[in-house]
Amino acid sequence: MPDLDAIKTEVRRLLADGVVEVVVAFKPGDTPLHPQPAFFHSPEEVDSLVHNGLCQNNLATFLTHLPKTKKVGMVVRGCENRSVNALIVEKQKSRENLYLLGVPCEGIIDWRKIVEHVGEAVLAVHENSDEVTVETREGQFNLSRNELLHASCLRCAHRNPISADILIGEPLPEGDPNLARVAVEEFESLTNEERYAWFQKEAERCIRCYACREACPMCYCTECFVDHIEPRWTESGATPAGMQGWHIVRAFHQTGRCTDCGACERACPMDIKMTYLTEKLNNDMRKKYAFEVGLDIQTQPPFATVTLDDKNRFSV
Amino acid sequence: MSQKPKIAFFQCQWCLYSPADQNWVDTQLPSNIHLTKTPCTGRINPLYVLNAVQGGADGVMISGCMPEQCHFKTGNMAARRQLEEFNDFLNHIGYEKERVRFVWLDLQDRGIIQKQLAQFEQDLEVLGPAKNLITRTKIAEGGLNA
């Protein structure tokens, strides 16, 4: 597990020396299950900083909320680091104004799974690499960490931050890149009708709260297509066409930009599965263009560029 | 199928080089084909295709220029990247892949578009009317504004 004291010491140093103006990290939330993102402006505030497996948000989301020229420090895990890189590729921030504190990640714990096991009255949560100990009013429960991990984290291939300025803790072994492909192929082996039935079942629960959009680091359009009124691109109400259209276009807009951090799914109040859509697009980008999101800060996503090789690439 | 399949036809305004073909498309399209002319295939937003699909089209046809013959140099290549992937994606959630067809036309092509549209119509008749993803609210109940 990451050494919390080492993170705090480094954050204090950054703020005291004026290397950065603000550090984005987590602080304790209302319950032990929900640490919340926080902005630390002075070394004194840093005492309340936390970093554990229950930190659900992708902190890179807040980069586009801050002024471009502000010096920002950020505690990043593997997926967050790649999201930050993808934002730098899209010129939303320059690398010079960023200081990344990398923390190798052992996977994000899905709080819903804890609640399923032990109920909601959680008093404290302790964790190590194999086990999560949950204290409730009824007593103490030991749960296996692997069973509690979020679906995206189970198939994560990049657990270490790849371009952090400083790495806190020992690098972990990288995950198996084939796991993501297997998940997509499993879904694709179903028939058209079965896949449509699944999509319909997931999309019809949507309440159009757009929590997935707010949680996603790559969803930073000033005006989203669903908010656009003239011309209207899609139905904005919770109608079947509106709900399906939102899920299709939200996912498609992430093509070659999604890092599969799973923040959208974790943010969804209706527990709608979404990564089966974005994973398919990621998988295609890997297959067709050998492109993986956020591995460097130069390569443009496939839809933002064309090559002469394209004329031989298509079947028609 | 008693009725002819409804086809949404997106056409790049430069892809039909011969005036005879363009005139045919402009004036003599059968009533079951709905023409939308765009300045380039690069202008075709995947949302256009989605709107056609959700609005009840049985098939979507997109015609554009061959690679390296785009009026805007690379518009067609960018469009091919996006739209072919969008078609794959619609297929991923259960829409038949055969219902979206691309026609990439050469400068020398004559009379191809008529043949392709007729062929597409035949293939769609075999497939039958589209069922999946047709969810648009009826115009009387608000349509797109619902």
Within 6.0 angstrom of [X] [atom1], more than 12 heavy atoms from elsewhere:
| X | atom1 | value |
| --- | --- | --- |
| B/Q28 | CD | yes |
| B/R43 | CZ | no |
| A/H158 | NE2 | yes |
| B/K73 | NZ | no |

Might you work through the side-chain contact (heavy atoms from CB on, under 4.5 Å) test for A/R195 and B/N91, ending with a clear yes or no? CA-CA 9 Å; A/R195 271 178 285 153; B/N91 181 242; 3.9 Å; yes
What part of B/E68 gets within 4.5 angstrom of chain A, counting heavy atoms only: side chain, backbone, both, or neither?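 Contact with chain A: side chain only.
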Name the region of B/I93, side chain, backbone, both or neither, that has any atom closer than 4.5 Å to a heavy atom of chain A.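 Contact with chain A is through both the backbone and side chain of B/I93.
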Please identify, among A/I248, A/I229, A/T234, the residue contributing the most non-hydrogen atom pairs under 4.5 Å to chain B.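 Top count of heavy-atom pairs under 4.5 Å with chain B: A/I248.
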With a 4.5 Å cut-off on heavy-atom pairs, point out which of A/A251, A/G237, A/A241 contacts chain B the most.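 Most heavy-atom pairs under 4.5 Å with chain B: A/A241.
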Spacing of [atom1] belonging to [X] relative to [atom2] belonging to [Y], to within rounding of 0.5 Å:
| X | Y | atom1 | atom2 | answer |
| --- | --- | --- | --- | --- |
| A/L281 | B/F86 | CG | CZ | 10.0 Å |
| A/N192 | B/L90 | CG | CG | 11.0 Å |
| A/F303 | B/R81 | CZ | CZ | 8.5 Å |
| A/S236 | B/L144 | OG | CG | 8.5 Å |
| A/T255 | B/Q82 | OG1 | CD | 8.0 Å |

Contact list for residues 10-20 of chain B, test side chain to side chain donor-acceptor pair (under 3.5 Å), sequence neighbours left out: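 Residue pairs with at least one partner in residues 10-20 of chain B: B/Q11-B/Q22.
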Would you name the heavy atoms of B/M77 and A/T307 that are closest together and state the gap between them?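 Distance-wise, the nearest heavy atoms are CE-O, 4.0 Å.
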Closest approach of B/N51 and A/W233, non-hydrogen atoms and distance?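 Smallest heavy-atom distance, with atoms named: ND2-O, 3.1 Å.
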Any sub-3.5 Å donor-acceptor pair from A/E193's side-chain atoms to B/G94's backbone N or O?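 Between the backbone of B/G94 and the side chain of A/E193 there is no qualifying donor-acceptor contact (under 3.5 Å).
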Using the rule side chain to side chain contact (heavy atoms under 4.5 Å, CB included), only one of B/L50, B/N132, B/T135 pairs with A/Q244; which is it?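 Among B/L50, B/N132, B/T135, the one meeting side chain to side chain contact (heavy atoms under 4.5 Å, CB included) with A/Q244 is B/T135.
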Can you say whether [X] sits under 4.5 Å from chain B via the side chain, the backbone, both, or neither, judging by heavy atoms?
| X | result |
| --- | --- |
| A/V306 | both |
| A/L277 | both |
| A/M243 | neither |

Derivation and outcome, side-chain contact (heavy atoms from CB on, under 4.5 Å), residues A/E235 and B/Q54: CA-CA 11 Å; A/E235 293 175 25; B/Q54 288 195 327; 6.0 Å; no
Assert yes or no for the condition that the ring centre distance of B/Y95 to A/Y196 is strictly below 6.0 Å.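 Ring centroids of B/Y95 and A/Y196 are no less than 6.0 Å from each other.
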Quick check: A/F199 with B/H92 (ring centres under 6.0 Å apart)?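 Aromatic pair excluded; centres sit 6.0 Å or further apart.
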Is the shortest distance from a Lys or Arg side-chain nitrogen in B/D88 or A/K287 to a carboxylate oxygen in the other one below 4.0 Å?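 Not counted as a salt bridge, because no side-chain N and carboxylate O are separated by less than 4.0 Å.
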Who are the ring-ring contact (aromatic ring centres under 6.0 Å, His included) partners of A/F62, not counting sequence neighbours?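 So A/F62 forms a ring-ring contact (aromatic ring centres under 6.0 Å, His included) with A/F39, A/H65.
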